[in-house]
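Beneath this line is the structure, given in C-alpha cells, with notes to follow.
Proteins come first, then strands; the chains are lettered A, B, ... in the order of their sequence lines, and each starts at number 1.
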There are 2 protein chains.
Amino acid sequence: MRNEPDTLDAAFAALAHPARRRMLDLLVQAPGCSVKWVTSHFDFSRIAAMKHLSVLEDAGLIISEKKGRTRELYFNSVPIQQIYDRWTSQYGSFWAERLADVKERVEARQAKGERKSA
Amino acid sequence: MRNEPDTLDAAFAALAHPARRRMLDLLVQAPGCSVKWVTSHFDFSRIAAMKHLSVLEDAGLIISEKKGRTRELYFNSVPIQQIYDRWTSQYGSFWAERLADVKERVEARQAKGERKSA
DNA sequence: CTCATAGGTAACTGCTAGGTTACCTGTTTA
DNA sequence: TAAACAGGTAACCTAGCAGTTACCTATGAG
C-alpha cells in the first residue's frame, strides 16, 4: 500500500499554504526574480517569506541559483506533474469528461504550434 | 490577484496529510464504505480517523450519507478537478509534453469505450 | 574604503493540527 | 428488552508551523 514516494508528501504539504501557492504563481510570471521582489508582494516579513521559499525549494517546487548578492528563483513543474500523474492514474475513472476537455485544449495548443512552425 | 476561491484552500489543506490522501484512495476503491472500515486501515484511533474524514468532507472531497447506524462515505472528484483546472491554466506553459501524453491516454480510453458500445 | 543592500541564521512565541481518553446517542439483533 | 455495535461530542495534551526581532555575512556602488 506504499505507492506514494515521500517526495510528493513534501510537495503536497508545501502547496497547503496559500502564500506558497501565490509564490509559485509569481515565479511563473517572473522567472529569475529575487527574494526581495517576492517578499514585496506579501504582508509578512522577509524572514517569513524566506522560510516559505525554502519549504518550496525542499519540496522541489522551486529551483534557485545564487548570482552575486541576490538569489534567482525559478519555478519547477516536475513535482506538480507527478501529482497530476498520481491523480489521473488513481482517480482515473472519475475523469472521463474532464479528460475530453483536456483533449480539445491539447489539440488546440498543438494546432497553434504546427501553424507557427509551418 | 484574488483568482482562487476559498473552496480550494480547504481542499489543498485537506490533501496535505498523507492519511487523508490514503483515505481518498480507499473511498475510490470502496464507495459507500463505513467509518469503521476506513478506520481499520490506520494505526490511529477511530476519533482521529473521524476528524480526518470531517476535514475531507468540509473540503468537499467526501460526500457522506447516514444510513441507519452507519455512515456511507463517497469520494467527490470535483475539488480535485478544480485544482487541476487551476494548474493547467496557470502553469499551462509548463505542460506541453505532459499534455501530449494525456491526449494519448484519453484517446485510448475513448477507443475502448467506443468498441464496447459498438 | 565605506556603506547601503540582499540575503541568511538564531532564538523565541502563539496558535492550531493531530492525536488521545472518556463519555454519550441512536440502531440493530439475540 | 438488553446488550452489542456504529457513530458523535467534549476536553485535553503536544509538537510543529508560521510568524516575529535581533544579529551576522557578503557583495555592489559611490
Side-chain angles (χ1 to χ4, degrees), chain A residues 4 6-27 30-75 79, chain B residues 4 6-27 30-75 79:
Chain A
E4 191 165 311
D6 298 343
T7 317
L8 289 194
D9 247 76
F12 272 112
L15 290 168
H17 199 293
R20 288 195 286 258
R21 294 197 301 278
R22 276 187 55 206
M23 284 182 174
L24 292 186
D25 295 341
L26 290 171
L27 294 205
C33 64
S34 70
V35 172
K36 186 176 187 64
W37 183 81
V38 170
T39 301
S40 73
H41 291 76
F42 296 90
D43 288 337
F44 44 67
S45 73
R46 180 180 60 90
I47 289 82
M50 280 185 45
K51 287 190 185 178
H52 284 306
L53 288 170
S54 63
V55 169
L56 287 167
E57 187 157 17
D58 289 348
L61 288 160
I62 280 185
I63 295 172
S64 77
E65 190 181 1
K66 188 107 180 224
K67 278 279 178 62
R69 69 176 163 181
T70 81
R71 176 170 294 278
E72 298 184 348
L73 302 168
Y74 301 92
F75 171 64
Chain B
E4 191 165 311
D6 299 340
T7 318
L8 288 195
D9 247 75
F12 272 111
L15 290 168
H17 199 293
R20 288 195 288 259
R21 294 197 300 278
R22 276 186 57 205
M23 283 181 174
L24 292 185
D25 295 340
L26 290 170
L27 294 205
C33 64
S34 70
V35 171
K36 186 175 186 63
W37 184 80
V38 170
T39 302
S40 73
H41 290 76
F42 295 90
D43 288 337
F44 44 66
S45 73
R46 179 180 60 90
I47 289 83
M50 280 185 46
K51 286 190 184 178
H52 284 306
L53 287 171
S54 64
V55 169
L56 288 167
E57 187 157 15
D58 289 347
L61 289 161
I62 279 184
I63 294 171
S64 78
E65 190 181 2
K66 189 106 181 223
K67 278 279 178 61
R69 69 176 164 182
T70 80
R71 176 171 294 278
E72 297 183 349
L73 303 167
Y74 300 92
F75 171 64

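Summarising the geometry, the separation between CD on B:E65 and C1' on D:dG8 is reported as 18 Å, rounded to the nearest angstrom. B:M50 places its CE atom 11 Å from the P atom of D:dA10, with the value rounded to the nearest Å. Counting to the nearest Å, the P atom of C:dG7 and the CG atom of A:L53 are 10 Å from each other. B:F42 has its CZ atom 18 Å from the C1' atom of C:dT20, to the nearest Å. Taking atom CD1 of A:I47 as the reference point, atom P of D:dC17 lies 19 Å away to the nearest angstrom. In this entry the distance linking CG of A:L73 with C1' of C:dG8 reads 14 Å, nearest Å. As rounded to whole Å, 9 Å separates atom P of D:dA26 from atom NZ of A:K66. The CZ atom of B:R69 sits 16 Å away from the P atom of D:dA3 (whole-angstrom rounding).
Centroid-to-centroid, the aromatic rings of A:H52 and A:F44 come within less than 6.0 Å.
Distances shown here put every side-chain N or O of A:K51 at or beyond 4.0 Å from the OP1 or OP2 atom of D:dA18. Between B:R71 and the phosphate of D:dG8, there is a side-chain N or O to OP1/OP2 separation shorter than 4.0 Å. Taking side-chain N and O atoms only, A:H52 has no distance below 4.0 Å to OP1 or OP2 of D:dC17. Proximity of A:S45 to the phosphate of D:dT20: a side-chain N or O atom is located under 4.0 Å from OP1 or OP2.
The residue among B:R20 and B:K67 whose nearest nucleotide of DNA chain C is located toward the 5' end is B:R20. Each of A:G68 and B:R46 has a nearest nucleotide on DNA chain D; the 5'-most of these lies closest to B:R46.
The shortest distance between side-chain heavy atoms of A:W37 and A:L73 does not fall below 4.5 Å.
When the side-chain contact (heavy atoms from CB on, under 4.5 Å) test is applied to A:V55, the partners found at least two apart in sequence or on another chain are A:A14, A:R20.
Among the nucleotides C:dT20, C:dG8, D:dG19, the one closest to any side-chain atom of A:V35 is C:dG8. For B:A48, the side-chain atoms get nearest to C:dT20 when compared with the rest of C:dT20, C:dA6, D:dG7.
For the residue pair A:R46 and A:T39, no side-chain donor N or O sits within less than 3.5 Å of a side-chain acceptor on the partner.
With hydrogens and angles ignored, the 3.5 Å screen pairs a side-chain donor or acceptor of A:R22 with a backbone N or O of A:H41.
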